[in-house]
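For reference, the structure is listed below as structure tokens.
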Amino acid sequence: MSFYISREASKLWKRICAETTTEINLLVENWKYILGGLICQYIHGLAARGVHYFHRPGPVLQDTGFYLLPELGQERAYVSETVFTFIFLSFVLWTFHPFIFKSKKIYTVLIWCRVLAFLVACQILRIVTFYSTILPGPNYHCREGSRLATLPRPDNLLEVFLIIPRGVLYGCGDLIFSSHMIFSLVFIRTYQKYGTRRFIKQCAWLIAAVQSLLIIASRKHYTVDVIVAWYTVNLVVFFVDHKLPEMPDRSVGALLLPLSKDNRNKEEVTKLLNGNSGDPIQRPRNQANGRVNEDSDNVNVEVLDAA
């Protein structure tokens, strides 16, 4: 038993090391896109903080969702954040699953390049929208009488460009459309295309619908913020996805472009993509047609015996 555990642990470690090498090579080629996406996330945070300086508290606007959904209250406002955190962490862990599991369909670096492209496009539209018309925030800390409803004038330039977690949680004015729904819908649509578990896809869309209701019930956004997010994010992802080059599918044997001029490095990458860390690749004599089954992480191969 101990020998079996030791052997499997050794295979897992070799798989992690080989996958790390592949992803590092991809990161070297695509670091500009990753860095650009992260910088845009920072700019989006600055824009959200900037609009807080212009926000002025006022009467909460009439909202159909507020009439239909009971108010959760400040003591239960964490519920919607908990659901969002679950979606966020689940997706992040899924994007790193090729480091652990033998059956692989995505490349971690390439999937994040794609996700960041979706986020940047959506967030540019969001910045233009919430700066066009600054609505009085419906959240508890944005209402009249709250000292957090408007930020005091900054004392220095560093204070303007410094983003603190507390400011992200207690922002006001960046309403149309919901940033939480941008992240959630981008993550879910990405898994819808590249994920393999149909049950998880169905649950993900159900959780997104529940999160939408919780955001309204916790008075973090108006109903219009959530509705606009649903159709805007889906349309943006649809059009941007068609403009981007299709990502190679590892599960059907698609290989990366050469990562090095060294033929030995090419062979090591090929071994990795075929699930072998040390043994030479065994090429079957029979013809094979591979297809990915949606409800399975493995590739089903139908072997056609030679006549």
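No experiment lies behind these values; they were computed from the predicted model shown. Any value given below was found using the heavy atoms of this structure, including those in side chains, with hydrogens, waters and symmetry copies removed.
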Who else is in the cluster with F54 when I, L, V, M, F, W and Y are joined by side-chain contacts under 4.5 Å?
V51, I127, F130, Y131, I134
Look at the side-chain heavy atoms of Ile, Leu, Val, Met, Phe, Trp and Tyr, link any pair under 4.5 Å apart, and say whether [X] and [Y] land in one connected group.
X: M247; Y: I24; value: no
X: I43; Y: V120; value: no
X: L148; Y: L151; value: no
X: I227; Y: L68; value: no
X: Y67; Y: L61; value: no

In the structure I gave you, are the side-chain heavy atoms of [X] and [Y] within less than 4.5 Å of one another anywhere?
X: P98; Y: Y107; value: no
X: M181; Y: V233; value: no
X: C172; Y: N139; value: no
X: I216; Y: H221; value: no
X: R114; Y: L244; value: yes

Which atom pair, heavy atoms only, marks the closest approach of [X] to [Y]?
X: W205; Y: Q192; value: NE1-OE1, 3.0 Å
X: T95; Y: T108; value: O-OG1, 2.6 Å
X: A121; Y: V240; value: CB-CG2, 4.1 Å
X: H55; Y: L135; value: CD2-O, 3.5 Å
X: K105; Y: Y194; value: CD-O, 3.5 Å
X: D225; Y: I176; value: OD1-CG1, 2.8 Å

Apply side-chain contact (heavy atoms from CB on, under 4.5 Å) to the pair Y222 and F177, showing each step before the final yes or no.
CA-CA 9 Å; Y222 292 107; F177 40 98; over 6 Å; no
Could you state the interatomic distance from [atom1] ([X]) to [atom2] ([Y]), rounded to the nearest 0.5 Å?
X: L213; Y: T223; atom1: CG; atom2: OG1; answer: 9.5 Å
X: E29; Y: I34; atom1: CD; atom2: CD1; answer: 12.5 Å
X: N30; Y: L116; atom1: CG; atom2: CG; answer: 11.5 Å
X: L235; Y: L125; atom1: CG; atom2: CG; answer: 10.5 Å
X: E19; Y: R15; atom1: CD; atom2: CZ; answer: 9.5 Å
X: I16; Y: F99; atom1: CD1; atom2: CZ; answer: 9.0 Å

Please check if atom [atom1] in [X] has more than 12 non-hydrogen atoms from other residues, nucleotides or ligands closer than 6.0 Å.
X: E246; atom1: CD; answer: yes
X: F161; atom1: CZ; answer: no
X: Y33; atom1: OH; answer: no

State whether the side chain of [X] and the backbone N or O of [Y] hold a donor-acceptor pair below 3.5 Å, judged by distance alone.
X: Y140; Y: G73; answer: yes
X: S212; Y: A208; answer: yes
X: Y53; Y: R153; answer: no

Checking F238 now: which residues fulfil ring pair (Phe, Tyr, Trp, His ring centres under 6.0 Å) with it, not counting sequence neighbours?
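Listed in chain order: H242.
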Sequence neighbours left out, what passes salt bridge (charged side-chain N to carboxylate O under 4.0 Å, His left out) with [X]? Give chain and number order.
X: D174; answer: R126
X: E71; answer: R143
X: E75; answer: none
X: R189; answer: none

Not counting sequence neighbours, which residues clear side chain to side chain contact (heavy atoms under 4.5 Å, CB included) with [X]? List them please.
X: L35; answer: W31, I39
X: V115; answer: F91, W112, L119, V186, F187, T190
X: L72; answer: R76, L214, A217, S218

Could you pull out all residues at least two apart from S179 that satisfy side chain to side chain donor-acceptor pair (under 3.5 Å)?
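Checked S179 against side chain to side chain donor-acceptor pair (under 3.5 Å); zero matches.
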Can R219 be said to sit on top of F66's aromatic six-ring, NZ or CZ under 6.0 Å from centre and within 45° of the ring axis?
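Cation-pi check for R219 and F66: passes.
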Report yes or no: do S80 and Q211 form a side-chain donor-acceptor pair below 3.5 Å?
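Side chains of S80 and Q211: no pair found under 3.5 Å.
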The single option from D241, V236, I182 that satisfies side-chain contact (heavy atoms from CB on, under 4.5 Å) with F118 is D241
Do I87 and F183 pass the side-chain contact (heavy atoms from CB on, under 4.5 Å) test, and can you show the C-alpha distance, the side-chain angles, and the key distance before you say yes or no?
CA-CA 9 Å; I87 296 174; F183 280 89; over 6 Å; no
Under the disulfide (SG to SG under 2.5 Å) test, residues paired with C122 that sit two or more places apart:
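None.
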Output, in order, the C-alpha distance, side-chain angles, deciding distance and verdict of side-chain contact (heavy atoms from CB on, under 4.5 Å) for H97 and I100.
CA-CA 5 Å; H97 82 272; I100 305 298; 5.8 Å; no
Would you list the pairs meeting salt bridge (Lys or Arg N to Asp or Glu O under 4.0 Å) in which at least one residue belongs to residues 79-92, sequence neighbours left out?
E81-K220
Relative to each other, are the rings of W94 and Y191 parallel, tilted or perpendicular (30° and 60° limits)?
perpendicular
Between T150 and H52, does a side-chain contact (heavy atoms from CB on, under 4.5 Å) hold up when you go through it step by step?
CA-CA 6 Å; T150 302; H52 197 168; 5.5 Å; no
